[in-house]
Participant: 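One structure, as structure tokens, below. Some questions next.
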Amino acid sequence: MELSKNYEPQAIEQKWYTYWNDKGYFHSEPDERPAYTIVMPPPNVTGVLHMGHALNNTVQDILLRRARMQGFNTCWVPGTDHASIATEAKVVGMLREKGIDKNTLSRDEFLKYAWEWKEKYGGIILQQLKKLGCSLDWERTHFTMDDAYYKAVMRVFVELHRKGNIYRGVKMINWDPQALTALSDEEVLHKETQSKLTYVQYRIDSDIEEYITIATVRPETILGDTAVCVHPDDERYAHLKGKFCFVPLINRRIPIIFDEYIDKEFGTGALKVTPAHDINDYNLGQKHQLEIVDTLNPNGTLSEAAQLYIGEDRFAVRKKIVEDLKASGNFVKQEDYTNQVGVSERSGAVIEPRLSMQWWCSMEEMAKPALEAVMNDDIRFFPSKFKNLYRHWMGNIKDWCISRQLWWGQRIPAWYDKAGNIYVGENAAEALAQFQQQQPGGSMEDLRQEADVLDTWFSAWLWPMEVFGWNEDGNNKELAYYYPTNTLVTAPDIIFFWVARMVMAGFEFKGKKPFNQVYFTGLIRDKQGRKMSKQLGNSPDLLQLIDDHGADIVRFSVMISSPAGNDILYDEAFLEQGRNFSNKIWNALKLVKMWESRTDEAATLNHFATGWMQARIDEARQQIETLFVDFKLSEALKLTYSLIWDDFCSWYLEWVKPGMNEPMHPTVYQQTLSLFEDLLQLLHPFMPFLTEEVFHLLREQPADLIVRQLPAAAARNEQVLLQGRLLQELITAIRDTRNKNQLKPKDTISLFVDSANTMFYTAAGNILQRQVNADTLEATNAPVNGAMTLVVQTEKLYLQSHAAVDTGVQKTKMEEELQYLKGFLVSVDKKLSNEKFVQNAKPDVIANERKKQADAEAKIKTLEESLSLL
RNA sequence: GGAAGCAUAGCUCAGCUGGUUCAGAGCGUCUGCCUUACAAGCAGAGGGUCCGCGGUUCGAAUCCGUGUGCUUCCA
């Protein structure tokens with residue numbers, strides 16, 4: 001078979017994905033093996049694959065594939081989230097393009113369009129994950145608005161309502177004037193903004209002309225002012241006790257109140273109080289029984305209550321009112337001011353704090369077990385630094401605003417009768433039954449269902465339970481087998497939205513944690529450290545990357561740059577590194593295949609190289625296991641990369657490579673194949689396609705790599721590892737000497753060794769000789785005349801060359817090393833002659849120092865001898 | 001305003017419970033090579049007051065304090 005010059009991912013990836021899937025490797029059914037379960041954080045049904053998904057899902061796939069090779073019954077559940085706000089916005093936009101105004105549609109008509117849209121475009125992202133190689137159990141795909149899932153959400157709503165944990169009430173909420181819905185605190189982002197601080201004077205109601213000056217960044221809210229507040233200890237305003245002043249332009253007479261909440265240093269020390277439009281002002285208003293004047297309409301324009309500018313947008317009014325205040329003589333001055341402005345995470349609109357009737361879920365009780373489970377590591381966080389963040393939020397948890405003024409989502413299962421009484425039931429029939437107990441003979445006609453839907457996260461928090469059919473049967477076989485799931489992989493920005501709430505839901509409804517551990521990946525930034533975003537256009541088109549480079553290489557590039565828990569700075573240069581790596585493996589395959597027809601029993605049987613490579617793999621296996629346990633996946637990949645490239649390709653293959661036109665011993669050939677297969681297996685979780693392909697090209701395989709089982713850890717052969725290290729050092733040192741003396745690669749040398757370690761040269765001498773192009777290798781116990789001398793560990797070597805040599809270079813190098821060693825010896829001696837050190841340090845530390853001392857002394861002696869001969 | 005995290009080679013980062021196998025890796029840089037798979041490669045090399053200052057200790061990149069700079073979260 002002819003192998004192409006370079007590795008060509010496009011040709012093979014689709015083939016393997018289909019093959020694995022058809023073979024059923026991705027599907028899981030409960031059996032006698034231990035389960036390893038991951039539920040995928042469901043992406044928005046409107047979503048398309050971006051770098052964040054690529055990182056997140058690659059990590060999950062790596063964990064899954066490794067667990068599969070460790071004998072676990074692996075199950076990875078895919079699915080999508082209905083994402084109320086984002087999806088509704090998309091559908092509204094799509095309708096607008098068709099010339100349809102949402103407001104002209106009934107709820108049912110709108111939902112019909114929304115479902116059509118979802119069926120057509122929703123879940124594209126899941127198809128894209130197939131291209132990435134994700135070994136998802138497609139038979140278990142879920143959607144948070146599936147019928148069964150919908151029922152589960154209804155059930156938990158009703159249960160919590162029955163317990164009194166869900167209630168309806170008027171509170172200050174975050175209002176999105178663009179999406180026209182309430183948002184939870186978590187959906188509001190605070191952005192630093194350049195604003196203007198406007199100083200305005202209010203006329204005091206008194207006989208003399210007197211004013212009090214306030215400062216505000218929102219002058220348009222003046223029309224809703226119902227008090228001015230100052231600090232009780234502020235002498236500047238002490239004389240105003242019990243007085244009133246007038247709101248400019250509309251002349252509303254409002255009291256001057258005193259409260260310690262005021263910061264005397266800020267602005268003028270006098271605060272205008274607008275209880276309808278600011279949470280702090282609202283609290284002040286409650287305390288002082290102030291009137292509430294709501295001057296804004298839901299869409300952000302001014303309401304009739306404002307008296308002025310009715311129907312005009314809040315931002316337009318902000319500019320306009322300043323001019324009018326100037327005209328009226330109330331304007332004092334304006335200053336630049338930087339403040340934090342809340343914007344909607346979804347629509348980007350500036351949030352209005354607004355008083356509104358909403359549905360709330362009380363959290364305090366549910367937070368307790370959820371907090372404890374994380375603090376005592378019953379649920380482990382990686383990296384653990386996120387425990388702090390979690391504790392802080394859970395410790396100060398506020399009630400959750402769960403109603404959204406939208407149509408796309410689970411409609412709140414509450415019905416009102418004409419008198420305004422509320423009936424909560426899992427469906428209309430239940431609510432009707434309750435109603436009929438009050439009103440015998442009442443009918444559905446008398447009831448009206450709540451128009452609002454539930455926050456998307458109110459369904460998402462059930463994800464790890466409901467994908468295994470919790471609502472239908474809370475003790476079903478699947479739930480018992482797969483739940484709690486093993487690992488949740490997500491980004492830290494949804495730790496409150498989702499992670500914390502899943503933990504709460506798990507304990508509340510199932511009585512068990514939803515997962516054993518949570519691994520938080522970093523955020524992906526560009527190489528300048530900026531967050532990837534559509535606005536900046538710095539996010540690469542992932543599907544294009546996969547088409548251009550192949551999924552393995554994209555996975556490699558994402559993982560190699562991804563230190564555990566830290567943000568990753570993505571640079572497309574990593575793609576090049578991945579491509580080079582793929583080619584390296586491909587070429588190693590080609591080389592090995594060339595030996596297939598050259599095997600001959602008469603060839604030398606090279607024990608040293610195969611034994612050493614086996615020991616290196618054994619050593620690496622242990623290290624990789626530790627790294628995986630700590631979720632240091634990037635490190636594990638780097639280690640595997642280096643094991644394959646450096647140890648296997650650069651050293652091992654060169655060590656076993658037969659001479660030109662010479663045969664290879666069949667045992668060495670078979671061992672080489674085995675070693676190569678082991679390496680491919682270690683790499684498989686990271687680069688599944690390439691490794692499966694090469695694995696099958698190596699030789700006829702009894703099983704596919706994806707399900708090949710990793711062996712139990714073997715004790716590594718330390719002796720061989722040390723010898724391998726010595727061999728490498730000898731080769732490097734000799735090559736360096738050759739380089740420094742400008743010997744051409746083709747120039748041969750004669751090599752003499754003064755060593756007590758004859759066994760080593762018997763085993764590895766022929767490798768050494770070939771690797772440094774020495775035509776002879778002889779033992780000696782005396783210096784060799786006219787030869788270059790070098791010392792490696794305690795081995796003394798003499799190189800003789802036919803080309804002219806400059807001993808000066810060698811001498812300088814040896815003198816430098818001698819000087820370093822002497823300095824080193826001094827520091828060790830000092831340490832050992834320090835009584836306190838000898839008394840306090842642990843015995844093994846002291847023993848180590850003595851060994852260092854002895855080694856250094858021996859080497860100094862050797863170097864000095866050699867130098868004296870130059 | 002409150003809290004957390006970070007600062008190590010040109011860049012991105014490892015360095016767990018203090019002790020020269022601990023001053024490292026990858027990429028980049030420099031030098032020499034078209035050597036029986038790979039120039040998308042091979043063989044070598046150079047490069048750091050471990051942010052400043054102080055302390056604990058026989059010993060500090062590592063622990064403590066402090067200053068500076070950056071990042072994030074919360075209000």
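This is a predicted model, so every value here is computed, not measured. In what follows, chains carry the letters A, B, and so on, assigned in the order in which the sequence lines appear, proteins first and then strands, with residues in each chain numbered from 1. Any value given below was found using the heavy atoms of this structure, including those in side chains, with hydrogens, waters and symmetry copies removed.
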Participant: Counting the atoms with a prime plus P, OP1 and OP2 as sugar-phosphate, which does A:N661 contact under 4.0 Å by heavy atoms, base, sugar-phosphate, or nothing?
Facilitator: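 Since no nucleic acid heavy atom lies under 4.0 Å of A:N661, the category is nothing.
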Participant: Please state how far atom CG in A:D829 lies from atom P in B:G19, giving the value in whole angstrom units.
Facilitator: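 Those two atoms, CG and P, are 21 Å apart.
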Participant: Given the P atoms of B:G28 and B:A43, what is the spacing between them in whole Å?
Facilitator: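 My reading of the P atoms in B:G28 and B:A43 gives 15 Å.
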Participant: Give a yes/no on whether any side-chain N or O of A:K746 is located under 4.0 angstrom from OP1 or OP2 of B:G32.
Facilitator: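 A:K746 to B:G32 OP1/OP2: no side-chain N or O under 4.0 Å.
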Participant: Closest-nucleotide mapping onto RNA chain B: is A:A733 or A:M594 further toward the 5' terminus? I mean the 5' end.
Facilitator: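 Residue closer to the 5' terminus by nearest nucleotide: A:M594.
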Participant: Among the candidates B:A14, B:G41, B:A37, find the nucleotide nearest to the side-chain atoms of A:W645.
Facilitator: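 Selected nucleotide: B:G41.
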Participant: Please give the distance between the P atoms of B:A61 and B:U71 as a whole number of Å.
Facilitator: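 Approximately 28 Å lies between the P atom of B:A61 and that of B:U71.
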Participant: For A:F381 together with A:Y390, are the ring centres under 6.0 Å from each other?
Facilitator: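 Under 6.0 Å, so yes.
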Participant: Could you work out which one of B:A14, B:A37, B:G15 sits closest to the side chain of A:K632?
Facilitator: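 Taking heavy atoms from C-beta onward, the closest nucleotide is B:G15.
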Participant: How long is the line joining CG of A:D493 and P of B:C73, in whole Å?
Facilitator: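 Roughly 9 Å, once rounded to whole Å.
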Participant: Less than 6.0 Å separating the ring centroids of A:W457 and A:F497?
Facilitator: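 Under 6.0 Å, so yes.
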Participant: Pair A:R725, A:Q728 - check side-chain hydrogen bond (donor to acceptor under 3.5 Å, both in side chains), show working.
Facilitator: CA-CA 5 Å; A:R725 165 115 326 256; A:Q728 289 170 343; 3.3 Å; yes
Participant: Contact class for A:K5 vs. all strands (heavy atom < 4.0 Å): base, sugar-phosphate, or nothing?
Facilitator: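 Result for A:K5 = sugar-phosphate.
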Participant: In the structure I gave you, are the side-chain heavy atoms of A:L627 and A:L639 within less than 4.5 Å of one another anywhere?
Facilitator: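 In contact.
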Participant: Below the 4.0 Å mark, does B:A40 have OP1 or OP2 next to a side-chain nitrogen or oxygen of A:R579?
Facilitator: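 Checking A:R579 against B:A40: no side-chain N or O falls below 4.0 Å of OP1 or OP2.
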Participant: Any Lys/Arg nitrogen of A:R218 or A:D278 sitting under 4.0 Å from an Asp/Glu carboxylate oxygen of the other?
Facilitator: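 Salt bridge between A:R218 and A:D278, a charged N being under 4.0 Å from a carboxylate O: no.
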Participant: Side chain of A:K590 only, please: which of B:C73, B:A37, B:U36 is the nearest?
Facilitator: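 Nearest to the side chain of A:K590 among the choices is B:A37.
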Participant: Indicate for each nucleotide in nucleotides 22-31 of chain B, in 5' to 3' sequence, whether protein heavy atoms under 4.0 Å reach the base (B), only the sugar-phosphate (S), or nothing (-).
Facilitator: ----SS----
Participant: How long is the line joining CE of A:M660 and P of B:U35, in whole Å?
Facilitator: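 Rounded to the whole Å, the gap is 10 Å.
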Participant: Side chains of A:V592 and A:L653, heavy atoms from C-beta outward: is any pair under 4.5 Å?
Facilitator: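 In short, these two side chains touch, coming nearer than 4.5 Å.
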Participant: The side chain of A:N6 is closest to which nucleotide in this list: B:G44, B:U36, B:A40?
Facilitator: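 Output: B:A40.
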Participant: Tell me which nucleotide among B:A43, B:C38, B:C73 gets nearest to the side chain of A:E654.
Facilitator: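 For the A:E654 side chain, the nearest candidate turns out to be B:C38.
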Participant: What pairs of donor and acceptor atoms, side-chain ones from residues 655-664 of chain A against any protein atom, are under 3.5 angstrom apart with sequence neighbours left out?
Facilitator:
{"unit_1": "A:W655", "atom_1": "NE1", "unit_2": "A:Q771", "atom_2": "OE1", "d": "3.3"}
{"unit_1": "A:K657", "atom_1": "NZ", "unit_2": "A:E654", "atom_2": "OE1", "d": "3.3"}
{"unit_1": "A:K657", "atom_1": "NZ", "unit_2": "A:E654", "atom_2": "OE2", "d": "3.3"}

Participant: Which listed nucleotide (B:U36, B:C42, B:A45) is nearest to the side chain of A:D736?
Facilitator: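 Output: B:A45.
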Participant: What are the atom names and distances for every N/O pair under 3.5 Å that joins the protein to nucleotides 4-7 of chain B?
Facilitator:
none

Participant: Looking only at atom C1', what distance separates B:C11 and B:G48, rounded to whole Å?
Facilitator: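 Looking at atom C1' only, B:C11 and B:G48 are 14 Å apart.
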Participant: Could you work out the separation of B:A14 and B:U8 based on their P atoms and round it to a whole Å?
Facilitator: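 Their P atoms lie roughly 10 Å apart.
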Participant: When the P atoms of B:U35 and B:C42 are considered, how many whole Å apart are they?
Facilitator: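 So the two P atoms sit 14 Å from each other.
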Participant: Return yes when atom CD of A:Q623 has more than 12 non-hydrogen atoms of other residues, nucleotides or ligands closer than 6.0 Å, and no otherwise.
Facilitator: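 Counting other residues, nucleotides and ligands, CD of A:Q623 exceeds 12 neighbours.
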Participant: Applying the ring-ring contact (aromatic ring centres under 6.0 Å, His included) test to A:F556, which of A:F574, A:Y641, A:F686 qualifies?
Facilitator: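 Only match with A:F556 under ring-ring contact (aromatic ring centres under 6.0 Å, His included): A:Y641.
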Participant: In plain terms, say whether A:R598 and A:E596 are close enough for a salt bridge, that is, a side-chain N and a carboxylate O under 4.0 Å apart.
Facilitator: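 Not counted as a salt bridge, because no side-chain N and carboxylate O are separated by less than 4.0 Å.
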Participant: Between the protein and nucleotides 55-64 of chain B, are there any N/O to N/O pairs under 3.5 Å, and if so, what are the atom names and distances?
Facilitator:
{"unit_1": "B:C58", "atom_1": "O2'", "unit_2": "A:N834", "atom_2": "ND2", "d": "2.9"}

Participant: Quick check: do A:N580 and A:W645 have side-chain heavy atoms less than 4.5 Å from each other?
Facilitator: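 Yes, close enough: below the 4.5 Å cut-off.
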Participant: Considering only atom P, compute the distance from B:A7 to B:C16 and round it to an integer number of Å.
Facilitator: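 Each nucleotide's P atom is 11 Å from the other's.
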Participant: Answer yes or no: does a side-chain N or O of A:N396 lie under 4.0 Å from OP1 or OP2 of B:C74?
Facilitator: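 Answer no for this pair, as no side-chain N or O of A:N396 is under 4.0 Å from OP1 or OP2.
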Participant: Mind checking A:E662 for me? I need base, sugar-phosphate or nothing, with any heavy atom below 4.0 Å counting as a touch.
Facilitator: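 It contacts nothing in the nucleic acid.
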Participant: Does any non-hydrogen side-chain atom of A:N280 lie less than 4.5 Å from one of A:L284?
Facilitator: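 Contact flag for A:L284/A:N280 side chains = no.
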Participant: Write down the distance between NZ (A:K744) and C1' (B:G32), rounded to a whole number of angstrom.
Facilitator: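 That distance rounds to 7 Å.
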Participant: Do the ring centers of A:F382 and A:Y519 come within less than 6.0 Å of each other?
Facilitator: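 No; A:Y519 has its ring centre 6.0 Å or more from that of A:F382.
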Participant: Please give the distance between the P atoms of B:G54 and B:C50 as a whole number of Å.
Facilitator: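 Per the computed distance, 14 Å lies between those P atoms.
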Participant: Roughly how many Å is it from NE2 in A:H392 to P in B:G1, rounded to a whole number?
Facilitator: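 After rounding, the reported distance stands at 16 Å.
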Participant: Side chains of A:E857 and A:Q853: closer than 4.5 Å at any heavy-atom pair?
Facilitator: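 Yes, at least one pair of side-chain atoms sits under 4.5 Å.
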Participant: Pick base, sugar-phosphate or nothing for A:S650, based on heavy-atom distances below 4.0 Å to the nucleic acid.
Facilitator: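 It contacts sugar-phosphate atoms only.
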Participant: Evaluate the side-chain proximity of A:V374 to A:R380: yes if any heavy-atom separation is below 4.5 Å, no if none is.
Facilitator: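 The answer is no; the side chains never approach within 4.5 Å.
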Participant: Would you indicate whether the side-chain heavy atoms of A:I644 and A:L683 approach each other to under 4.5 Å?
Facilitator: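 SC-SC contact between A:L683 and A:I644 confirmed.
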Participant: Taking CG from A:L591 and C1' from B:C42, how many angstroms apart are they, rounded to a whole number?
Facilitator: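 It is 13 Å, rounded to the nearest whole Å.
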Participant: Rounded to whole angstrom units, what separation is found between the CG atom of A:L639 and the C1' atom of B:C13?
Facilitator: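 That distance rounds to 16 Å.
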Participant: Rounded to whole Å, please give me the gap between CG in A:L726 and C1' in B:U21.
Facilitator: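 After rounding, the gap between these two atoms is 14 Å.
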Participant: Distance check, C1' atoms only: B:G19 and B:C63, in whole angstrom units.
Facilitator: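 My reading of the C1' atoms in B:G19 and B:C63 gives 14 Å.
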Participant: For the side chain of A:N583 and the base of B:A40, is some donor closer than 3.5 Å to an acceptor across the two?
Facilitator: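 Looking at the base of B:A40, it does pair with a donor or acceptor on the side chain of A:N583 (distance under 3.5 Å).
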Participant: Show me, range against range, the stems involving RNA chain B, built from at least 3 consecutive Watson-Crick or G-U pairs below 3.5 Å.
Facilitator: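 Output for stems: B:1-7 with B:68-74, B:10-13 with B:24-27, B:29-33 with B:41-45, B:51-55 with B:63-67.
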Participant: Tell me every residue that passes ring pair (Phe, Tyr, Trp, His ring centres under 6.0 Å) with A:W586, counting only those two or more places apart in sequence or in another chain.
Facilitator: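 Testing A:W586 for ring pair (Phe, Tyr, Trp, His ring centres under 6.0 Å), a comparison that skips the adjacent residues, returns A:Y7.
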